[in-house]
Protein chains: 2
Amino acid sequence: MVDEIVLLLPVLGRELGRPVPLELEASVKAGAPAHAFPSDAHVSPGHIQVLIALAKGPCSVGHIAHTLGVSRPAATQLVDRLSEHGMIERRHDPEDRRVVLVDYAPGMHEVARRIMGVRRTQLNAALDTLTDEEAVAFYKGLKEITAALGRVPGEEN
Amino acid sequence: MVDEIVLLLPVLGRELGRPVPLELEASVKAGAPAHAFPSDAHVSPGHIQVLIALAKGPCSVGHIAHTLGVSRPAATQLVDRLSEHGMIERRHDPEDRRVVLVDYAPGMHEVARRIMGVRRTQLNAALDTLTDEEAVAFYKGLKEITAALGRVPGEEN
DNA sequence: TCGGCTTCGTTAAGCGACTTATTTAACCGC
DNA sequence: GCGGTTAAATAAGTCGCTTAACGAAGCCGA
């Protein structure tokens, strides 16, 4: 079974990396200001992660990078794209002006929720085939494996 | 919890995508002919997947692509690299000469097992913290989610 | 037996998400 | 003030994947 998992994990990783199903764009545009998503908009998993991370309130670029397990430049890039599309805004932390605080742009909270909803729907469809215990076990295993392969988001180093 | 999973999955994907810990190269070289892994060798998750897929016997490039969930050119590329390093060999299927059958190169079966062992070790460390039921549930959830992401829910192109 | 369709693998071109190395700006202890 | 440190941004490059297009081989109806 272990081999099966090793074989399956990268498959999941690749599926996950694919641009989120096209219907998403339409669904988002429907509820967003026209300028927010120009013709070429497409949302990557990283962008969704940023939006989820922001759901708990504004946070710094560095914190985003740490949460997502990527380098700071990568986080900067994600924030760049999202802010180009008007989804989020940067502002300086008044207490430490080196820090750039990232937060939803006004009115975008709702749109963000819808974007996250797409992935959540997919995931729920899969989780529904599992019992509650299995779902919890899956989550537990996911955390363990992520930790085993690298660092876990919440953990300090 | 669903959001947590959505947040965690891409992290896992990225960790998974990182070049396998460097110790691997050394460990592999130790048991492999010198020419097999020249100075710049590095093994990606895709390569490991190919080696695992071959454990069940020779198979075609197309089959590898399907198993890994990638395009055929991508599979070709993976096979290219592995065969450059002498890990695997191509030969034509006598029954259908369009088909290219891929298999371990002579004596490489053992080396392949060692390479796979690295990932397996990491994974086992994580799975050991789970009960048997949880491990099975994780595997089940993994399959379900991979399947769920594989096709767009409710949309056929 | 010949054209036309399909399938397999490869080649070519390009893209997107990441990395490291470097730069700029702001905080801090002395 | 002056070094040292840290946050974010910029620059350059890498890697794994994609689509498009191609040659070769099998399949098949006329």
Side-chain angles (χ1 to χ4, degrees), chain A residues 9-20 22 40-50 58-85 88-102 150 156-157, chain B residues 9-22 40-50 58-84 88-102 149-150 157:
Chain A
L9 278 177
V11 176
L12 176 58
R14 276 185 285 258
E15 290 298 343
L16 216 54
R18 292 198 211 295
V20 179
L22 322 113
D40 63 343
H42 69 301
V43 180
S44 84
H47 298 142
I48 295 184
Q49 284 182 292
V50 172
C59 66
S60 69
V61 172
H63 184 258
I64 291 175
H66 185 252
T67 302
L68 270 63
V70 299
S71 64
R72 262 188 302 230
T76 295
Q77 196 175 322
L78 288 171
V79 171
D80 277 346
R81 268 258 273 291
L82 285 170
S83 90
E84 276 169 22
H85 292 337
I88 61 179
E89 279 182 357
R90 287 181 226 243
R91 76 186 142 88
H92 284 281
D93 184 340
E95 294 183 6
D96 182 346
R97 273 182 305 181
R98 290 173 305 179
V99 174
V100 170
L101 287 177
V102 182
E156 284 303 320
N157 34 351
Chain B
L9 277 177
V11 176
L12 176 58
R14 277 185 284 258
E15 291 298 342
L16 216 55
R18 292 201 208 307
V20 180
L22 321 114
D40 62 342
H42 69 302
V43 179
S44 84
H47 297 141
I48 296 184
Q49 284 182 293
V50 172
C59 66
S60 70
V61 172
H63 184 258
I64 290 175
H66 183 255
T67 302
L68 271 62
V70 299
S71 64
R72 265 187 304 233
T76 294
Q77 196 174 323
L78 288 171
V79 171
D80 277 346
R81 268 255 274 291
L82 284 170
S83 90
E84 277 169 19
I88 61 179
E89 280 182 358
R90 289 183 225 241
R91 75 186 144 89
H92 284 281
D93 184 340
E95 294 184 6
D96 183 346
R97 273 181 306 179
R98 291 172 303 176
V99 174
V100 170
L101 288 178
V102 182
L149 290 176
N157 288 359

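Computed over heavy atoms, backbone and side chain alike; hydrogens, waters and symmetry mates excluded. All chains are named by letter (A, B, ...) in the order of the sequence lines, taking the proteins before the strands, and each is independently numbered beginning at 1.
Contact record, Arg18(A) with Gly69(B): NH2-O, 2.9 Å, taken as the closest heavy-atom pair. The shortest non-hydrogen separation linking Leu101(A) to Ser60(A) is CD2-N, 4.0 Å. Cys59(A) and Ile64(A) get closest at one heavy-atom pair: SG-CG1, 3.6 Å. Minimum interatomic distance between Leu78(B) and Ser44(B) (heavy atoms only, all atoms of both residues): CD2-OG, 4.4 Å. Here the shortest heavy-atom pairing between His92(A) and Arg97(A) reads ND1-O, 3.1 Å. Nearest heavy-atom pair across Val11(A) and Leu68(B) is CG2-O, 3.5 Å.
In this structure, NE2 of His66(B) is placed 15 Å from C1' of dC8(C), rounded to the nearest angstrom. Rounded to whole angstrom, the span from the CZ atom of Arg91(B) across to the P atom of dC8(C) amounts to 18 Å. With rounding to whole Å, Gln77(A) atom CD is found 12 Å from dC15(C) atom C1'. Counting to the nearest Å, the P atom of dA17(C) and the CZ atom of Arg14(B) are 10 Å from each other.
The nucleotide range of DNA chain D contacted by chain B, defined by atoms under 4.0 angstrom from heavy atoms of the protein and reported 5' to 3', is dG16(D) to dG26(D).
Counting only residues at least two apart or on different chains, the salt bridge (charged side-chain N to carboxylate O under 4.0 Å, His left out) pairs with a member in residues 62-80 of chain A are Asp80(A)-Arg90(A).
Phosphate contact (OP1/OP2 of dT10(C), side-chain N/O of Thr76(B), threshold under 4.0 Å): present. The phosphate of dG9(C) (OP1 or OP2) has no side-chain N or O of Arg72(B) nearer than 4.0 angstrom.
Between atom OG1 of residue Thr76(A) and atom CZ of residue Arg81(A) there is a gap of 14.0 Å, rounded to the nearest 0.5 Å.
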Check nucleotides 24-28 of chain C for protein N or O atoms closer than 3.5 Å to its own N or O atoms and list the pairs.
unit_1, atom_1, unit_2, atom_2, d
dC27(C), OP1, Arg97(A), N, 3.1

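Here the side chain of Pro73(B) is nearest to one of dG9(C), dA12(C), dT19(C), namely dA12(C).
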